[in-house]
Structure formats: structure tokens, C-alpha cells
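A short worksheet on the structure shown next.
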There are 2 protein chains.
Amino acid sequence: MHMISLLLHMGIFSKTCEYAIRSVFFIAHKTADGGRVGIKEIAKGISSPEPFLAKILQDLSRRGIVQSVKGPNGGFFMDKNTLKRPLADVVEAVDGNNLFTGCGLGLEYCSESNPCPLHHEFKDIRNKIHHMLLTTSIEDFNDDLNLGIISLKK
Amino acid sequence: MHMISLLLHMGIFSKTCEYAIRSVFFIAHKTADGGRVGIKEIAKGISSPEPFLAKILQDLSRRGIVQSVKGPNGGFFMDKNTLKRPLADVVEAVDGNNLFTGCGLGLEYCSESNPCPLHHEFKDIRNKIHHMLLTTSIEDFNDDLNLGIISLKK
DNA sequence: ATAATAAAAGATATAGATGTCTTTTATTAT
DNA sequence: ATAATAAAAGACATCTATATCTTTTATTAT
């Protein structure tokens, strides 16, 4: 009888959010000079389960993070304005703003005027995460992706 | 038919880890001058479900983060050495070291020599989190807890 | 020794996140 | 108009984290 508990995930973001970020990077880089890219190609390009990604992209589409058209030659794309949006918009659309505003110890009462033990330490970190996501735009990695320097596949 | 998805948690730590941190703070502050504290009192003191917390403390006990004795006058406590251990030990015992070492985008290939798009940005944040948890000891908040300045209850 | 106490251990239950499948709707090309 | 394509939508399945309950073991006091 085992004592192994594996801990599969537990990163900063949810799996959904990881897929969301990788997919917007992928769509941005594939459709920067026009055109669309289908769900199959995106799913392959970022090593994600296709139907699950479809759900995520439906949501991002509803929230205006990505654009889409149905039918032949349809697919997902991003307009010029969307390309310039910060990653923070994607994260907030998927995981909410809890990562930027929530208490690190999960305490409801915790606030600036009534802080929990770790409030100030966490504020610093949360601000850093938020700042990083606000200063990184969706299109920031297009060049490196074009050059094949970085990858979005597992 | 609703489109609300609430997003109950999604903080930095798992709920389990939040309870773990709050409980070691509580045990430290209650048993700093000797004595033991029972699971009921701990659970009340940190607003956590008692049986769930019992599981967490069993695990922390096995891993040497807290000490315990059974029977009348039994309960949990922490010895002097344990009180000085960094919070990072608690987090690692519960959530593993993924938070300090894992890829922000969930990519397996990602490493220092073969980084993902956000690798360097994340390294910075991960280091900051790790540093904060390494420089905060379990007993750091005993005084403030004694004075009632801070609380561990929801 | 016995009874009372309190944690440990094991089994079970629930909820939310993750993943899959089928049907519907919109668009395009013929 | 019709057929083909591809996303949207809805229903369903699975898995993990979270939570609960019951039984067992260790300790203490009588």
C-alpha cells in the first residue's frame, strides 16, 4: 500500500489557463499576417487535448480575447488590437483576478487595513506577477516563435 | 442555464497548503511555552473542517513538521527546532516543490537551457516566492498572534 | 487491568477541474 | 439551394482535490 501522492499539477496557473496562454501565443504567431488557424492545428501545436481546448477557445472568443469564424476557411485569429493586449487579460478571463488580489492564506477578512500574517509579503509577489503579465503582450513572442527559438509543445 | 463559473479558489497555494500553513502558525503560537493543542481547538482556531485538517496534520506529523502524542493530554505541538524552520518546508511537504521549480506554462521540456517563452519572467517570480518562504519562519508570527494583532480565522 | 482520551489509519463521499462526445449553427463554395 | 466545413453549444465522463465518517492504536489516569 503506497504513500505516493504524485502532485500532478499545482503550478501558478490552472491547466485551463496554461492551455489558454499557449493557444493565444500560437494563434497570434500563426495569424499575425492575416489568415485563420483551425482548432486541430492549434491543439497539435501546443500539445493540448483538442475538445478541451475547443471549450477554452469558445470562452476566450466570447470574452473577445480571440476572434473566430465558422465554416470553410474558418478558424481562430486575432486582430491587431488584440495582439497588443497584455497577458493579464487572458489570465483574468480564465482564472479570474484572485491571483492578483486574493489572500495567500485563503482568508476572507484579509485586506490592506486588516492584513493576514503574510499579507505584505504576498502583496509584493502578487504585484510582481501582475506587473509581469501586464507588461507582456500576446504578440511579444511572435518573432521567437517564427524563428523556432521557442516552442509551445510539451 | 447559467454562464457563471465562480472560480472558488485558484490562489498561489492549494487549500490543503493554506490550512497547513495556518495550522502550523496556530500550533506554534499555542505551544511555544510547552503544552499541546488538540485538533478540535486547532480546527476552530483556523476555521478549517476538523476531519480534513486531521488528515493534513497526520501528514505533517509523518514528515516531522509537527509533533504529536496520543491519549489524554495529548495533541499536537512543535519543538524548538521545528519552530525555527522556514515556511518553505511546510509548503514543500504539502504542495511539493513544483511552485519553486515547475514551468509556468506547464511545459515539460522547459529548462534553463531550453526555456519556454515565459521562463525567465517566471524564474524571477518563483525565486521571489521561494525567498519569501525561506526567510519566514514558522514562529515569526507568534508575537503578533499573542497580541491578537493578526488572526488565522476566516 | 480498565476506562477515557486523542491521534492514526482506512474507507467512503462530494465537488470542481479536466477531458470527451454528439448535435447544432454559421459560413463558404459549388 | 446543396453540400462541405469548422466553430458553438450542450451533454456526459473521469479524475483529483477536498471533505467526512468509522475503526484502530497509543497514551494517560484511575
Side-chain angles (χ1 to χ4, degrees), chain A residues 1-11 13-20 22-23 27 31 35-43 46-78 94-96 98 106, chain B residues 1-11 13-20 22-23 27 31 35-44 46-77 94-96 98 106:
Chain A
M1 211 269 310
H2 313 242
M3 192 119 305
I4 307 164
S5 84
L6 274 207
L7 248 342
L8 251 304
H9 183 242
M10 196 32 58
F13 302 128
S14 66
K15 221 105 200 46
T16 303
C17 192
E18 288 176 358
Y19 291 143
R22 279 150 63 196
S23 66
I27 297 169
T31 67
R36 288 116 187 216
V37 56
I39 181 78
K40 274 187 216 306
E41 189 179 348
I42 305 170
I46 69 168
S47 316
S48 80
E50 188 192 315
F52 187 44
L53 182 64
K55 282 295 168 203
I56 297 170
L57 289 178
Q58 275 171 36
D59 194 53
L60 290 179
S61 173
R62 258 183 255 117
R63 292 166 191 272
I65 307 276
V66 301
Q67 283 74 45
S68 71
V69 290
K70 299 179 181 180
N73 306 320
F76 295 90
F77 64 101
M78 303 182 75
V94 176
D95 277 352
N98 213 304
Chain B
M1 206 269 311
H2 314 241
M3 191 118 306
I4 307 164
S5 81
L6 274 206
L7 248 343
L8 253 302
H9 182 239
M10 194 34 58
F13 302 128
S14 66
K15 220 113 201 41
T16 302
C17 192
E18 288 175 359
Y19 292 141
R22 280 151 61 195
S23 65
I27 297 169
T31 67
R36 288 115 188 216
V37 57
I39 181 77
K40 272 188 218 305
E41 189 179 348
I42 304 170
K44 265 184 199 154
I46 69 168
S47 314
S48 79
E50 187 191 316
F52 188 44
L53 182 64
K55 283 296 168 199
I56 296 169
L57 288 179
Q58 275 171 36
D59 194 53
L60 291 180
S61 173
R62 261 184 254 114
R63 293 167 191 271
I65 306 278
V66 302
Q67 283 75 45
S68 72
V69 291
K70 298 180 181 180
N73 306 318
F76 296 90
F77 65 100
V94 177
D95 276 353
N98 212 304

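Computed from a prediction, not measured in an experiment: that's the story for all the values here. The chains referred to below are lettered A, B, ... by the order of the sequence lines, with proteins before strands, and numbering in each begins at 1.
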TODO: Have a look at B:L57 and say if it touches a base, only the backbone sugar-phosphate, or nothing, with a 4.0 Å heavy-atom cut-off.
DONE: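 It contacts nothing in the nucleic acid.
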- [ ] Could you tell me whether the phosphate oxygens of D:dT18, OP1 or OP2, come under 4.0 Å of any side-chain nitrogen or oxygen in B:Y19?
- [x]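 No, because none of the side-chain N or O atoms of B:Y19 sits under 4.0 Å from OP1 or OP2 of D:dT18.
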Open item on the list: Whether B:T16 contacts D:dA17 is assessed here as follows: a side-chain N or O lying under 4.0 Å from the phosphate OP1 or OP2. Is that the case?
Closed with: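 So the side chain of B:T16 is outside the cut-off, no N or O lying under 4.0 Å from OP1 or OP2 of D:dA17.
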TODO: Do nucleotides 21-30 of chain C as a string where each nucleotide becomes B, S or -: B if the base has a protein heavy atom under 4.0 Å, S if just the sugar-phosphate does, - if no protein is that close.
DONE: B---BBBBS-
Open item on the list: Let's see if you can work this out: which of D:dT20, D:dT18, D:dA8 has an atom nearest to the side-chain heavy atoms of A:S61?
Closed with: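 The closest nucleotide is D:dA8.
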Open item on the list: Of the listed nucleotides (D:dT18, C:dA9, D:dA7), which one gets closest to any side-chain atom of A:I39?
Closed with: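 The answer is D:dA7, which lies nearest to the side chain.
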On a heavy-atom basis, which atom in [X] and which in [Y] lie closest, and how many Å separate them?
{"X": "A:F76", "Y": "A:I42", "value": "CD1-CD1, 3.9 Å"}
{"X": "A:S23", "Y": "A:L57", "value": "OG-CD2, 3.7 Å"}
{"X": "B:C17", "Y": "B:F13", "value": "CB-CB, 3.8 Å"}
{"X": "A:A20", "Y": "A:L60", "value": "CB-CD1, 4.0 Å"}

Task: Contacts of type salt bridge (Lys or Arg N to Asp or Glu O under 4.0 Å), residue A:K40, not counting sequence neighbours - done: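 A:K40 satisfies salt bridge (Lys or Arg N to Asp or Glu O under 4.0 Å) with A:E50 once adjacent residues are dropped.
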Open item on the list: Looking at B:Q58 and C:dA9, is any side-chain donor or acceptor paired with a base atom of the opposite kind under 3.5 Å?
Closed with: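 Indeed there is one.
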Task: Sidechain-backbone polar pair: A:R36 side chain, A:N73 backbone, donor-acceptor under 3.5 Å - done: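 Answer holds: yes.
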Rounded to whole Å, please give me the gap between [atom1] in [X] and [atom2] in [N].
{"X": "A:L60", "N": "D:dA7", "atom1": "CG", "atom2": "P", "result": "14 Å"}
{"X": "B:E50", "N": "D:dT20", "atom1": "CD", "atom2": "P", "result": "10 Å"}
{"X": "A:K15", "N": "C:dG16", "atom1": "NZ", "atom2": "C1'", "result": "16 Å"}
{"X": "A:I56", "N": "C:dT18", "atom1": "CD1", "atom2": "C1'", "result": "9 Å"}
{"X": "A:E41", "N": "D:dA6", "atom1": "CD", "atom2": "P", "result": "11 Å"}
{"X": "B:D59", "N": "D:dT18", "atom1": "CG", "atom2": "C1'", "result": "14 Å"}
{"X": "B:K40", "N": "D:dC21", "atom1": "NZ", "atom2": "P", "result": "12 Å"}
{"X": "B:R22", "N": "D:dT18", "atom1": "CZ", "atom2": "P", "result": "13 Å"}

Open item on the list: Between A:P49 and A:Y19, is there a side-chain heavy-atom distance shorter than 4.5 Å?
Closed with: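 Result yes, sub-4.5 Å side-chain heavy-atom pair found.
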Open item on the list: Could you check whether B:D59 pairs with B:R63 (Lys NZ or Arg NE/NH1/NH2 to Asp/Glu carboxylate O, under 4.0 Å)?
Closed with: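 A salt bridge is present here (some side-chain N lies under 4.0 Å from a carboxylate O).
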Task: Cationic N near anionic O, under 4.0 Å, B:E41 to B:K44 - done: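 Answer for the salt bridge query: no.
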- [ ] Return the stems involving DNA chain C, sorted by first number, where pairs are Watson-Crick (N1-N3 with N6-O4 or O6-N4) or G-U wobble (N1-O2 and O6-N3), both under 3.5 Å, and runs are 3 or more long.
- [x]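 Stem list for DNA chain C: C:1-30 with D:1-30.
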